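Structure, as structure tokens:
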Amino acid sequence: MGIIQIIITLVLLAALVIPTGKYIFNVITGRKSFIDPVFDRVDSLIYKITGVRRSEMNWKQYAVSLLVTNLVMALLVYLVFRLQGYLGLNPNKNGSMEPSLAFNTAISFMTNTNLQHYSGEWGLSYLSQLAAITFLMFTSAAAGFSAAAAFMRGLAGKTKNVGNFFVDLIRITTRILIPISIVVTLLLVWQGVPQTLSGNQTVTTIEGTVQDIPLGPVASLESIKHVGTNGGGFFGANSSHPFENPTPLTNLIEILSMMLLPASLVFTFGLMLKNKKQGRVIFAAMAMLFLISLPVCYLSEQAGNPALADAGLSQTMGSMEGKEVRFGIAQSALFSTVTTAFTTGTVNNMHDSLTPLGGLVALGQMMLNVVFGGKGVGFMNMMMYAILAVFLCGLMVGRTPEFLGKKIEGKEMKLIALTILVHPFIILIPSATALITKSGLAGITNPGFHGLSQILYEFTSAAANNGSGFEGLADNSLFWNISTGLVMFFGRYISIIALLAVAGSLAAKREVPVGIGTFKTDNALFTFILLAVVLIVGALTFFPAISLGPVAEHLTLGR
């Protein structure tokens with residue numbers, strides 16, 4: 001039954017990605033669509049109020065607009081977090097956040113990471129959940145999508161301009177994120193997810209004790225949390241909480257919500273190039289990485305924990321520690337694989353309780369950071385590896401490498417090299433720092449190999465803008481709030497700015513005519529070359545670290 005549930009989910013995704021990709025193409029290219037009569041008026045009103053000029057931007061103007069807009073929004077929500085105890089919409093009287101936690105949270109949601117060092121129901125007012133958290137969930141997702149749209153224009157275009165950031169941000173928000181989120185919200189409310197401004201309810205349990213039941217505007221946050229590959233939960237337990245994810249149907253809705261737009265964007269790329277085969281090649285490479293990871297996670301969790309089996313505990317149901325009975329192994333393993341492949345960060349089971357190989361799948365996908373990935377950025381990272389693959393193939397045969405009709409030269413490869421090096425640098429250096437400092441070691445709650453995995457997972461999740469965690473880590477401290485905040489910031493914007501620069505450089509180049517020696521990048525051979533490059537670079541970079549963490553832990557359990 002579990003495998004059937006997984007197959008149904010993947011079949012539904014396959015049926016939705018192509019029409020959704022076509023719709024995204026219409027939105028980011030300004031073509032007509034069926035919702036234009038409504039949203040043309042909405043967009044025009046926003047342009048008028050904000051004074052947005054719809055002139056084209058080069059990559060530098062686009063990058064500056066994206067970065068400055070994000071920083072301004074982060075500053076505003078930081079102030080909301082610091083002052084929430086004095087503002088309205090706070091029926092539960094939650095106090096204001098202390099400075100380092102407010103800094104971490106503002107950076108986290110600005111960067112589409114949604115790493116949470118607080119428990120939502122007790123740490124935030126309803127005003128913060130709506131005006132800060134939900135607001136940034138829309139804008140951070142739209143910003144990533146906008147960067148991807150600009151990147152596509154650079155690769156496919158014949159001018160140095162890559163679009164207008166503010167127009168992209170508004171159109172993607174009003175025509176993609178808001179309509180889908182409304183539909184998902186209504187489906188979640190139908191299934192029992194709360195959507196109310198009422199305060200917590202105090203009830204008497206069947207044992208005769210008194211308990212506070214937290215409520216709030218949950219469904220609206222849940223929808224954009226998944227549609228925008230955000231991941232931050234209204235409750236501390238995230239999507240394992242019955243008010244966030246009450247039924248197997250809501251679990252299916254949430255999984256499809258976080259998969260749909262990143263997967264569809266790859267087909268949009270094929271339409272932008274007027275070469276659907278190129279989009280399919282990139283999609284195939286991503287899908288193969290995903291389909292390699294999913295069975296490993298599922299079979300590892302289904303096999304159970306050998307240490308518990310040695311202690312005489314039955315493992316016939318699999319490793320159910322940290323999992324909800326209403327989901328079981330199949331939906332938990334699928335959710336864990338999807339949330340780290342699509343860098344959403346939402347969880348319906350506790351990743352700290354995954355078996356070592358299950359945790360390795362989650363950790364490995366974030367280290368690669370190209371298995372579909374989050375809104376736009378995962379696609380851009382995979383294209384970075386595609387350019388690298390073309391460059392390496394060109395060196396092997398002694399030709400100047402070309403990609404999509406443009407020559408790949410030293411400038412582009414320096415930017416690609418910078419982007420590739422930054423990701424492991426901001427994971428491994430902070431992890432090493434945490435292991436040699438008292439404040440870093442103080443967060444470890446599980447000694448041995450798993451303690452290393454806790455630290456490694458935290459910084460990997462922050463660098464990949466994922467946000468999930470091995471939540472046994474005691475991370476709400478000055479050290480962890482500041483260090484992960486900086487990692488989230490650099491992990492988000494260095495790669496976006498560098499890859500926009502690559503797109504701008506390629507856009508300004510003349511197109512090279514296709515010749516007999518042109519290396520094709522829209523066939524099955526290139527899919528396997530791309531796959532090999534991603535895996536080799538990932539293994540060379542991270543294998544020593546994961547050998548000391550999840551691999552060593554797995555070998556210890558198997559003794």
Side-chain angles (χ1 to χ4, degrees), residues 1-16 20 114 116 119-121 129-130 133-134 137-138 141 177-196 198 201 213-263 294 297-298 301 320 322-351 374 467-468:
M1 183 63 182
I3 296 178
I4 294 175
Q5 293 172 340
I6 293 174
I7 292 173
I8 289 173
T9 305
L10 298 181
V11 168
L12 288 173
L13 175 68
L16 292 171
T20 306
N114 296 22
Q116 293 177 283
S119 184
E121 63 268 47
Q129 295 276 27
L130 291 170
I133 298 298
T134 305
M137 283 182 171
F138 277 101
L177 298 179
I178 288 178
I180 298 177
S181 296
I182 290 173
V183 173
V184 174
T185 298
L186 294 175
L187 291 173
L188 294 178
V189 170
W190 166 53
Q191 285 293 295
V193 178
Q195 181 68 21
T196 178
S198 299
Q201 301 296 305
I213 305 296
L215 298 173
V218 183
S220 57
L221 184 146
E222 281 298 299
S223 60
I224 187 57
K225 160 186 163 181
H226 292 97
V227 171
T229 59
N230 289 284
F234 191 96
F235 301 103
N238 211 283
S239 282
S240 62
H241 195 290
F243 284 179
E244 286 198 23
N245 190 9
T247 68
L249 180 56
T250 59
N251 199 62
L252 172 63
I253 292 168
E254 292 181 5
I255 289 174
L256 288 174
S257 295
M258 58 177 141
M259 297 173 81
L260 181 60
L261 293 181
L294 178 57
C297 185
Y298 171 71
E301 299 306 311
M320 285 298 293
K323 297 180 179 64
E324 294 295 309
V325 175
R326 68 184 183 276
F327 301 137
I329 294 295
Q331 293 192 57
S332 298
L334 176 61
F335 205 102
S336 294
T337 307
V338 169
T339 194
T340 48
F342 292 79
T343 61
T344 307
T346 178
V347 296
N348 76 347
N349 64 95
M350 294 300 104
H351 286 195
S468 64

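All figures in this text were calculated on a predicted structure; none of them were measured in a lab.
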Tell me, please, which residues at least two apart from [X] pass side chain to side chain donor-acceptor pair (under 3.5 Å).
| X | value |
| --- | --- |
| Ser332 | none |
| Asn348 | Asn251 |
| Ser336 | Asn349, His351 |

Salt bridge (charged side-chain N to carboxylate O under 4.0 Å, His left out) pairs, two or more places apart, involving [range]:
| range | answer |
| --- | --- |
| residues 213-223 | Glu222-Lys225 |
| residues 340-351 | none |
| residues 247-256 | none |

Nearest 0.5 angstrom please: [X] [atom1] to [Y] [atom2], how far?
| X | Y | atom1 | atom2 | answer |
| --- | --- | --- | --- | --- |
| Ile329 | Ile3 | CD1 | CD1 | 12.5 Å |
| Asn114 | Thr343 | CG | OG1 | 10.5 Å |
| Leu334 | Ile6 | CG | CD1 | 5.5 Å |
| Leu215 | Gln201 | CG | CD | 5.5 Å |
| Leu252 | Phe335 | CG | CZ | 11.0 Å |
| Ser181 | Ile224 | OG | CD1 | 3.5 Å |

Worksheet entry | The single option from Thr346, Asn245, Thr344 passing side-chain hydrogen bond (donor to acceptor under 3.5 Å, both in side chains) against Ser239 | Thr346
Could you pull out all residues at least two apart from [X] that satisfy side chain to side chain contact (heavy atoms under 4.5 Å, CB included)?
| X | value |
| --- | --- |
| Glu324 | Ser240, Arg326, Phe327 |
| Pro246 | Val193, Thr250 |
| Val189 | Thr185, Gln195, Ala219 |

Worksheet, complete the sentence: Sorted by chain and number, sequence neighbours left out, ring pair (Phe, Tyr, Trp, His ring centres under 6.0 Å) with Phe243 holds for His241
Item to complete: Would you mind reporting whether Phe234 and Ile133 have side-chain heavy atoms less than 4.5 Å apart?
Response: no
Discussion item. I'd like to check the salt bridge (charged side-chain N to carboxylate O under 4.0 Å, His left out) partners of Glu121; sequence neighbours left out, ordered by chain and number.
Written reply: none
Practice prompt. Could you tell me whether a side-chain N or O of Asn238 sits under 3.5 Å from a main-chain N or O of Gly231, the two making a donor and an acceptor?
Written response: yes
What donor-acceptor contacts under 3.5 angstrom involve side-chain atoms of residues 255-262, with partners at least two apart or in another chain?
{"residue": "Ser257", "atom": "OG", "partner": "Ile253", "partner atom": "O", "Å": "2.7"}

